[in-house]
2 protein chains.
Amino acid sequence: MPNFTKEDCFADLKLRILTTDLAPGSALDEVTLAAHYGLSRTPLREVLQRLAGVGYITQAENRGSKVASMDIGTMRTFFQTAPMIYANIASLAAENRTAAQLDALKSAQLDFTRETAKGDASAAALSNHRFHALIGEMAQNPYLTASLDRLLIDHTRLSQTFYRPASPAESVLIKKAADQHDAMISAIEAHETALAIDLTLQHWDLSRDRLERFVRPDPLPVDVVSLKDRRNAI
Amino acid sequence: MPNFTKEDCFADLKLRILTTDLAPGSALDEVTLAAHYGLSRTPLREVLQRLAGVGYITQAENRGSKVASMDIGTMRTFFQTAPMIYANIASLAAENRTAAQLDALKSAQLDFTRETAKGDASAAALSNHRFHALIGEMAQNPYLTASLDRLLIDHTRLSQTFYRPASPAESVLIKKAADQHDAMISAIEAHETALAIDLTLQHWDLSRDRLERFVRPDPLPVDVVSLKDRRNAI
DNA sequence: TGTGCACATTTTGTATACATTCAGCGAGTC
DNA sequence: GACTCGCTGAATGTATACAAAATGTGCACA
């Protein structure tokens, strides 16, 4: 598939990483990728460097590139850090957003609702990513944006399963998330910083519950009798 | 000056940017730099990409690289953002620091006091940078570290004049900063997170006063008589 | 004097050939 | 039988030649 531009390649690799089409920790072969995108190795390597700079991949001298891993340790810090950064970003966004940025945000939200309705899980996850990245742009704070972008990478990868509703109860949660998005848009549009923070933290709580269940899933149903036996055995 | 390794080149460019030997906004010519470091353009370009990824420089398609600028707009967000990130980093550092990291921190502080005593301003600024970057490593939080590193770039560049004491009063401030460093080390060593936060915010207050005076310097002494004339003229 | 255009120069982007490093594997030795 | 050593292949790292883009310059012309 020849004649991808460097920018296309960059965007496509980001997508494939966010959707875990490229699994965390998996190795990236330069010649394979270069051939795939119809680029020579030099520009492809530049794409990889840039991806490394934004936290999508990691590189080791003489040992190539890997998709950024998601070990249990960084998951802990993820849950620690996300609400603080999200809230501050939301506040700054409500303060500094431009009209054009607001339009883009509304458009991303339209995509999001459309794709959740269709049940297109990975597309919905990507729209959600774009929604929150746009709020990051609104904040106009390059320092915090650096944190936010990294958080969103892991957030999106973790939430891959979220938008694939398994039960009616989960469909309700997805609907709730979309409603929260709408409320956030209103708050940002009205420059209501305190409200934006509040809504963002509520949105985070919803997200966190679901993500934590993914990281540490509900225990499997067990045979009560044999469980009792094991307990006695200890 | 041939036979620099890529890593050397990376480190040296960081230094020259932090000391404003390479001024904010100044253009970086690839062939000149490549010749200077004895590298060919390919690896040099990779160094530049990495520097761009960490926020030291900016790159524009077909238009080369520039040292990251320090416009008045980002300065505002700098003062907004720094205390929050610094405080959170300090708290996490006090929680997670290893013994080896503590040793490195103490060593950086030794360098710092030695260089301020010698009056070596740019060396002192770099040691100070290293001191705070090490606290960042202790935090073990890749998300926040991304913000911190960017903040420290601008912080160090802004503080270039700080360690070149103009008046005895300023020497006292430098001494105070060094004392605060010592107190922070103790707090981190003792895992006292609350104290570490407190000390960090005090340290920031000291820093901020001095930095703001640099951004918006004290008015020059004026001839009172002619000043009165001008006032009447308005 | 000022404006616009074409050309020349400089600088960046790309492809490719070559060098180096690393990992796996087998033969030889203790 | 286990270990070391060295070979081999496959990957990454580097240099350089060439292509494309952008900037600057000189000149013609209004």
Next item on the list: Can you tell me the distance, in whole Å, between the NZ atom of B/Lys6 and the P atom of C/dA19?
Entry: 18 Å

Margin query: Between A/Asp120 and A/Arg114, does any side-chain N to carboxylate O distance fall below 4.0 Å?
Written below: no

Item checked: Protein-nucleotide distance (B/Asn62, atom CG; D/dG24, atom C1'), rounded to Å -> 17 Å

Margin query: Can you tell whether the side chains of A/Arg97 and A/Glu137 come within less than 4.0 Å, N to carboxylate O?
Written below: no

Next item on the list: May I ask you to list the residues of residues 39-58 of chain A, by number, that have any heavy atom positioned under 4.0 Å from an atom of DNA chain D?
Entry: A/Arg41, A/Arg45

Notebook entry, point to check: What integer distance in Å separates B/Lys66:NZ from D/dA22:C1'?
Noted result: 13 Å

Check: Can B/Ser122 and B/Thr19 be counted as having a side-chain donor-acceptor contact under 3.5 angstrom?
Finding: no

Notebook entry, point to check: So which of B/His132, B/His181, B/His129 actually passes ring-ring contact (aromatic ring centres under 6.0 Å, His included) with B/Phe112?
Noted result: B/His181

Next item on the list: Over 60° means perpendicular and under 30° means parallel, so classify the ring planes of A/Tyr37 and A/Phe4, tilted if in between.
Entry: perpendicular

Notebook entry, point to check: Rounded to the nearest Å, what distance is computed from the CD atom of residue A/Gln59 to the P atom of nucleotide D/dA11?
Noted result: 17 Å

Notebook entry, point to check: Does a nitrogen or oxygen in the side chain of B/Arg63 sit under 4.0 Å from OP1 or OP2 of C/dG13?
Noted result: no

Item checked: Carboxylate-amine/guanidinium contact B/Glu7 B/Arg50, below 4.0 Å -> yes

Item checked: A/Asp29 side-chain proximity, nearest of C/dT12, D/dG13, D/dA11 -> D/dA11

Next item on the list: Check the distance between D/dT16's C1' and B/Glu30's CD and give it to me in whole angstrom.
Entry: 14 Å

